[in-house]
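Input: a single structure, listed below in structure tokens.
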Amino acid sequence: MLRIEVVPRAGRDAYELLREHIAQRALTWVWKDTAQRLLQHIRKPAGHILLTPEPDRLIAEVVSDALEDRVFLAERFVGRLLAWLATDLESIHLHLNVPLK
């Protein structure tokens, strides 16, 4: 499992900012569900990122059976966060608990 914790600056909502950018700018990210909680990269349709908004942060769980797909998704997701939201974010934390295969 790989978890990404996104902490916005005071007064910002990381989830709403991300949703806005996905709707307006994303070329390679699509919503896998209508509730807009499962984010999918078009190059890795077997995996996804489960988004859980909390009052002061956004939790993103990277889900895929293959370790290389989890790494790919995390790399692309963090890259987009930085490209789109760098001035709106306080920090991004990676939590690793990847089982060895």
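This chain uses plain numbering: 1 for the first residue, then up along the sequence. Values in this document were obtained by computation on a predicted structure and should not be read as measured data.
Note: Glu90 CD to Arg12 CZ = 11.0 Å, rounded to the nearest 0.5 Å. The distance from the CD atom of Glu61 to the CG atom of Leu38 is 11.5 Å, given to the nearest 0.5 Å. In this structure, CG in Leu17 is found 5.0 Å from CG in Asp88, a value given to the nearest 0.5 Å. How far CG of Leu50 is from NZ of Lys32: 10.5 Å, rounded to the nearest 0.5 Å. For the atom pair CG of Leu2 and CZ of Phe77, the computed distance is 11.0 Å after rounding to the nearest 0.5 Å. One distance of note links CG of Asp33 with CD of Gln40; it measures 10.0 Å at 0.5 Å rounding.
Residue Phe72 is grouped with residue Leu96 when hydrophobic side chains (ILVMFWY) are merged at heavy-atom distances under 4.5 angstrom, including chains of intermediate members. Under a hydrophobic clustering in which Ile, Leu, Val, Met, Phe, Trp and Tyr are joined whenever their side-chain heavy atoms come within less than 4.5 Å, directly or via other members, Leu39 and Ile42 fall into different clusters.
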Checklist entry - Where do Ile22 and Trp84 land on the side chain to side chain contact (heavy atoms under 4.5 Å, CB included) test, with the steps shown first? => result CA-CA 10 Å; Ile22 299 259; Trp84 290 337; 4.2 Å; yes
Q: Show your working on side chain to side chain contact (heavy atoms under 4.5 Å, CB included) between Arg76 and Arg43 and close with a plain yes or no.
A: CA-CA 11 Å; Arg76 296 300 169 103; Arg43 287 187 43 204; 3.5 Å; yes
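Here the side chains of Glu54 and Ile59 are in contact, with some heavy-atom distance below 4.5 Å. With a 4.5 Å cut-off on side-chain heavy atoms, Trp29 and His21 do not count as touching.
When all heavy atoms of Gln36 and Tyr15 are compared, the pair lying nearest together is O-OH, 2.5 Å. For Leu51 against Ala60, the heavy-atom pair with the smallest separation is CD2-CB, 3.8 Å. For the residue pair Ala14 and Leu89, the shortest heavy atom distance occurs at CB-CD2, 4.4 Å. When all heavy atoms of Leu94 and Val78 are compared, the pair lying nearest together is CD2-CG2, 4.2 Å. Closest non-hydrogen pair, Leu73 versus Ile49, comes out as O-CD1, 4.0 Å.
In terms of modelled atom types and a separation under 3.5 Å, the side chain of Arg70 and the main chain of Ser64 share a donor-acceptor contact. For Arg9 (side chain) and Thr87 (main-chain N/O), a donor-acceptor pair under 3.5 Å exists by modelled atom type.
Every salt bridge (Lys or Arg N to Asp or Glu O under 4.0 Å) that Arg57 has, sequence neighbours left out, goes to Glu5.
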